[in-house]
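A quick write-up on the structure given underneath.
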Amino acid sequence: MALPKQSEDFPAWYQQVVKGAELAENSLARGSMVIRPYGYAIWEAIQAGVDRRIKATGHSNVYFPLLIPQSLLDKEADHVEGFAPQVAVVTHGGGSKLEEPLIIRPTSETIIWSTYAKWIQSYRDLPLLLNQWANVVRWEMRTRLFLRTSEFLWQEGHTAHETAPEAIEEARMILMDVYRATVEEDFAIPVLTGRKSAAERFPGAIETLAIEAMMRDGKALQAGTSHYLGQNFAKAYDVQFLGREGKQEYPFATSWGVSTRLVGGLIMAHGDDKGLRLPPKLAPFQVVIVPIYRDDAKATVMEAVYRIKQSLGDVRVKIDDREEHRPGYKFNEWELRGVPIRLEIGPRDLEAGQVMAYRRDTGEKAPIALESLSSAIAEMLTDIQKSLFQSALDFRTEHTFSPGSYDELVDLLSSVAGFVQGGWCGSPECETKVKDRTKATIRVLPLDPADREGNCIVCGSAATELATWAQSY
RNA sequence: CGGGACGUAGCGUAGUUUGGUAGCGCAUCCGGCUGGGGGCCGGAAGGUCGUCGGUUCAAAUCCGGCCGUCCCGACCA
């Protein structure tokens, strides 16, 4: 199979990588996907890193139901307005029409906060720091595997706090210590962190924070969000606690999530014309061994191969011992599937006391002496993880611009050049003007804006902050 | 939901203009030779031509409805 070049047809490239690497495929219900073993293994590695960090910051996991009475959704005005068009509704069950329709959760604020009403009575019950791993359904008009599917897997954290500053700090901590840390350390993808403009905010949120990553076509992908919800949900679901001063008070909320969309980001941030390039921390197989032999050498080679796998200890090693494919076929296939290191082991190598090692990220191939293999592989995996991050960072730097005029801003955004930064006065009119002209949106605003950022690149009046615009997924 | 393209074996496709027994490549299965960058030879199996209806002696082919996929919009936490 010939993969289209990224530069020629990025969407076709993406789709064929997803299918060719056997990550996922479309399923029967519109917009839904089957995640295949290799794709799911990547998701499990992602989950492990996120879950570990969520727990390390004091949160516990819970599970709330998939089905939510429709009336619950209606209680928070912004929320219902934002989600109603995307909600799937169950109207029948047990062979008859339901008295009250049930919605399939598009997110769980409603069911969770209606339950928190029972759990939160006193300031001693706070903070309540819970998270769940779940599937949600949003009836999107246009879907793409991993990036936007009608059903997707995610984690959603829902916390309740005594004070606003505490909740705001929680939302920021999750953004920085869980999401940014996971994506930069595990995915080897640099992210911008910041606030969303009012237009891009989560329905029902007071502040939405996000991490944004650059894909190799210059578009931005929102890779994770963390919301400060204020007291909106507490009031909508009548959650009150008796405070330290003996008065009834409403708690302050956050919610935050990352989803299987991250797999799409992983593909598009690192992939090249040969396919996937997986960072070692998330790769289901960190090393693939392709044995090379004629019949007479088979026993010797395979015996060495198993011994070598043993010697690599904790490294996740796949031995591709399929008889039906020749080495060249396997090389291409594992490159498409993004395995960081390939070891070629044949009689010639064994005689020389070495193996051939191929690095997926750089395409370099060089021999490694058997006696130092274990440390060399460990070192190489570390180096690949670092070097993928560095090259993604370099790519982002090369594709980040600071235009001097509105016309230049429009040109850069229209040609999907990458991230485009400029002063913004904070007015929705200027934001809309750029969007109408170029389809690009403000992806992030600084977490802590400076006092002044020159003039608004759109209208020329005093800028209150530095905005980063981009085309986005 | 609007505009465009498409739907033929597991995958990719030819055939549709001009209606007349559905073909090719890859993959699969069997046998053999092979094996350091997508092997070769021989044999085999695999098809409600997306679906429903219409026109016709005859429909993959013409007409209509529906379903689905992809691209571009609208929408999108």
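Naming convention: chains lettered A, B, ... in sequence-line order (proteins, then strands); numbering from 1 in each chain.
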Side-chain N,O ([X]) to OP1/OP2 ([N]) below 4.0 Å:
X: A/Lys274; N: B/G37; result: no
X: A/Arg148; N: B/C76; result: no
X: A/Arg326; N: B/U34; result: no
X: A/Arg294; N: B/G35; result: yes

Sugar-phosphate, base or nothing in reach of A/Pro347, heavy atoms under 4.0 Å
base
In terms of side-chain heavy atoms, does [X] have a donor or acceptor partner in [Y] at a distance below 3.5 Å?
X: A/Glu156; Y: A/Ser108; answer: yes
X: A/Asn131; Y: A/Asp51; answer: no
X: A/Tyr473; Y: A/Asp217; answer: yes
X: A/Thr115; Y: A/Trp113; answer: no

Taking only the [atom1] atom of each, what is the distance from [N] to [M] in whole angstrom?
N: B/G12; M: B/G7; atom1: C1'; value: 13 Å
N: B/C6; M: B/G10; atom1: P; value: 23 Å
N: B/U16; M: B/G23; atom1: P; value: 15 Å
N: B/A74; M: B/G38; atom1: P; value: 45 Å
N: B/A58; M: B/G47; atom1: P; value: 26 Å

Residue [X], side-chain heavy atoms: nucleotide from [options] that is nearest:
X: A/Glu333; options: B/G37, B/C76, B/G38; result: B/G38
X: A/Met141; options: B/G36, B/A74, B/G38; result: B/A74
X: A/Glu323; options: B/C75, B/G36, B/G35; result: B/G35
X: A/Lys365; options: B/G37, B/G36, B/C75; result: B/G37

Determine whether the aromatic ring centres of residues A/His161 and A/Phe252 are separated by less than 6.0 angstrom.
no
Stepwise ring-ring contact (aromatic ring centres under 6.0 Å, His included) test for A/His79 and A/Phe233
CA-CA 9 Å; A/His79 201 61; A/Phe233 286 88; 4.9 Å; yes
With sequence neighbours left out, what residues match [X] under salt bridge (charged side-chain N to carboxylate O under 4.0 Å, His left out)?
X: A/Lys435; answer: none
X: A/Glu44; answer: none
X: A/Glu151; answer: none

How close or far is atom [atom2] of [N] from atom [atom1] of [X], stated in whole angstroms?
X: A/Lys196; N: B/C76; atom1: NZ; atom2: P; answer: 13 Å
X: A/Asp296; N: B/U34; atom1: CG; atom2: P; answer: 11 Å
X: A/Lys298; N: B/G35; atom1: NZ; atom2: C1'; answer: 12 Å
X: A/Asp273; N: B/G37; atom1: CG; atom2: C1'; answer: 17 Å
X: A/Arg342; N: B/G38; atom1: CZ; atom2: C1'; answer: 12 Å

Under-3.5 Å donor-acceptor pair between A/Glu335 side chain and B/G37 base:
yes
Show, in sequence, the C-alpha distance, side-chain angles and deciding distance for A/Glu344 and A/Lys365, and conclude whether the side chain to side chain contact (heavy atoms under 4.5 Å, CB included) test is met.
CA-CA 10 Å; A/Glu344 304 169 17; A/Lys365 193 155 136 174; 2.9 Å; yes
Expected string for nucleotides 66-71 of chain B under the B/S/- scheme (protein heavy atoms, under 4.0 Å, primed atoms plus P, OP1, OP2 as sugar-phosphate) is ---SSS
What does the 5'-to-3' dot-bracket notation of RNA chain B look like when only Watson-Crick and G-U wobble pairs under 3.5 Å count, and pairs to other strands show as |?
((((((((.[[[[.)....(..]]]].((((((.....)))))).....[[[[[..)....]]]]])))))))....
Just the atom pairs and distances: protein N or O near nucleotides 25-30 of chain B's N or O, under 3.5 Å.
none

